[in-house]
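The structure appears below as C-alpha cells.
Atoms within a ligand are numbered from 1 in the order they appear, just like the ligands themselves. Here the structure is a predicted model, which is why all the values come from computation and not from measurement.
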Amino acid sequence: MINVINNGTVIEQEAISFIQLYYEETGRSQEEMDHRIAEILASVRETGTYSHTIEELAFGARVAWRNNSRCIGRLFWESLEVIDERAASTEEAIADALLRHIAYATNEGRIRPTLTVFAPETAAGQRIRIWNHQLIRYAGYRTSEGIIGDPASVAFTEAIMRLGWSGQGTKYDILPLVIQINDDEPRLFPVPDSYIKEVELVHPDIGNFADLNLRWYAVPILSDMQLEIGGIRYTAAPFNGWYMGTEIGARNLADVERYNELPAIADKLGLDRSSNTNLWKDRALLELNAAVIHSFKSNGVSIVDHHTAAEQFMTFMKREEAQDRAVNARWSWLIPPMSPAATPIWNQSQLVEQEIRPDYKPQQVPY
Ligand code: ARG
C-alpha cells in the first residue's frame, strides 16, 4: 500500500530520500542505512507512518534551517539545539515545554538557537497547532484612535479576545500562548513576566532618544511554521535564532504598517518632515537602528548587525559550495532592508530558490 500524505507526496519516497541524505552526510554505513530504510518501510506499511530517532530529527531540523531560502543567518545551522517534546500530549504539557523553550533560548540574553519539536501530524490527520506567530509578541488593538500596539497582531489579538482574553491595552502587551489540539477549543496560557526579556531602546549618544519609550523583546521564536522531514509533518515545531538589528529597527518599529515610529523619531531629532530631500526618514532610520544594536548589546542580549550578518552569509555560501551543495536563496529576502547595496549580498541576485526538503513552510492561519 502507498501512503499519500495530504499534499500528494508519498511518505515512503520522502522517507527514503531523507534517510539517504542523513546517512550520506553523517558518514554512516550502507548496511545500517539499508536496515533503517527497511525498518521505516515496514512501519509505514503497518501503521501508515514512522517515527524519527532523535538524531534524525536533530539532523532534519538543522538541514531545514540550512535549506531556508529566506534566512541570512544560516552560517550557524549546525549549532541548532533540538529539544524533543514529542511525548507532550496535553495543552498544559505543551505550554510548559514552550516556557522551557523560552527560558533555554533566552539564556539571560546569550541567545541559543533552539527548536522544540512536538508530536507530528498523525496518519489520521490529528495535529497540534500553536496559533501564535511567535511565542513572544505584542498585541495589536483596533481602536477609534487607530491601532494601538503591533498592527501585525490585530487579527490574532481579536481572535483570542473572542475566546475570552483581554489585554491591558498598552503598545507592548505580551500575547498569551495559544495551543490547539485537533479541533478542540484552543487553550490560552499567559507567559509569566519572569520569562520575558525585553530591551528598552536608548541611543549611544542622543540622550533624549530614551524619551520615545521604544522597546522590543529579546528573542524571536517563530511558532507557526511546519517542519517537514522525510514525509513527516511537524505542525508544531517552534524555533529561534537571535535578531538581526534591522528586523526591529528597519521593519518592526519603522514600517508604516507596523509601529511607524520614524515621524516621532525625526521630531525628536529636530528634523524637518515637510520635505523628502533632507532625508529625514533615512536619518531617523539610521539612529533607530544604531539605538537597537547599542541597546541590545549593552543589555547583554545577542544581536547581529546587517553588515556582519551579510558577511556571515557569504561565508555560509562558500562553505556550502565547498560541500558541492547549491545554496537555496530568495534574494529579495536575503538583502537587508537597510543599505542593502552596501552589503556583499547585493551582487548575488543570480541566486535561485527551489523546493527542497527538509524545510520549514508557512501553514494556514488557524483563526
Ligand atoms: N522578522 C521577524 C521579527 O522581526 C523574525 C524572523 C526570524 N528572525 C530571526 N532573526 N531568526 O520578529
Gap between atom OG1 of Thr116 and atom CG of Leu98 - 0.5 Å precision: 7.0 Å

Location of contacts on Ile248 toward ligand 1, heavy atoms closer than 4.0 Å: neither

Over all atoms of both residues, closest heavy-atom pair of Gly149 and Pro151: O-CD, 3.2 Å

Heavy-atom nearest neighbour of atom 11 (N) of ligand 1 within options Gly241, Gly73, Pro113: Gly241

The single option from Tyr141, Tyr259, Tyr217 passing ring-ring contact (aromatic ring centres under 6.0 Å, His included) against Tyr172: Tyr259

Test applied, side chain to side chain contact (heavy atoms under 4.5 Å, CB included); reference residue, His101; option that passes from Asp96, Thr106, Thr114: Thr114

Ligand 1 contacted by Gln134 (non-hydrogen, < 4.0 Å): yes

Aromatic contact, His294 with Phe296 (centres under 6.0 Å): no

Interfacing atoms of ligand 1 (cut-off 4.0 Å, heavy-atom, Tyr217): 12 (O)

Nearest heavy atoms of Ile11 and Gly48, plus distance in Å: CD1-O, 3.9 Å

Protein heavy atom at shortest distance from atom 5 (C) of ligand 1: Glu247 OE1, 3.2 Å

Protein contact of atom 4 (O) of ligand 1 - nearest heavy atom, named by residue and atom, plus distance: Asn252 ND2, 2.8 Å

Proximal atoms of ligand 1 relative to Tyr243 (non-hydrogen, under 4.0 Å): 3 (C), 4 (O), 10 (N), 12 (O)

Backbone or side-chain N or O of Trp216 under 3.5 Å from ligand 1 N or O: no

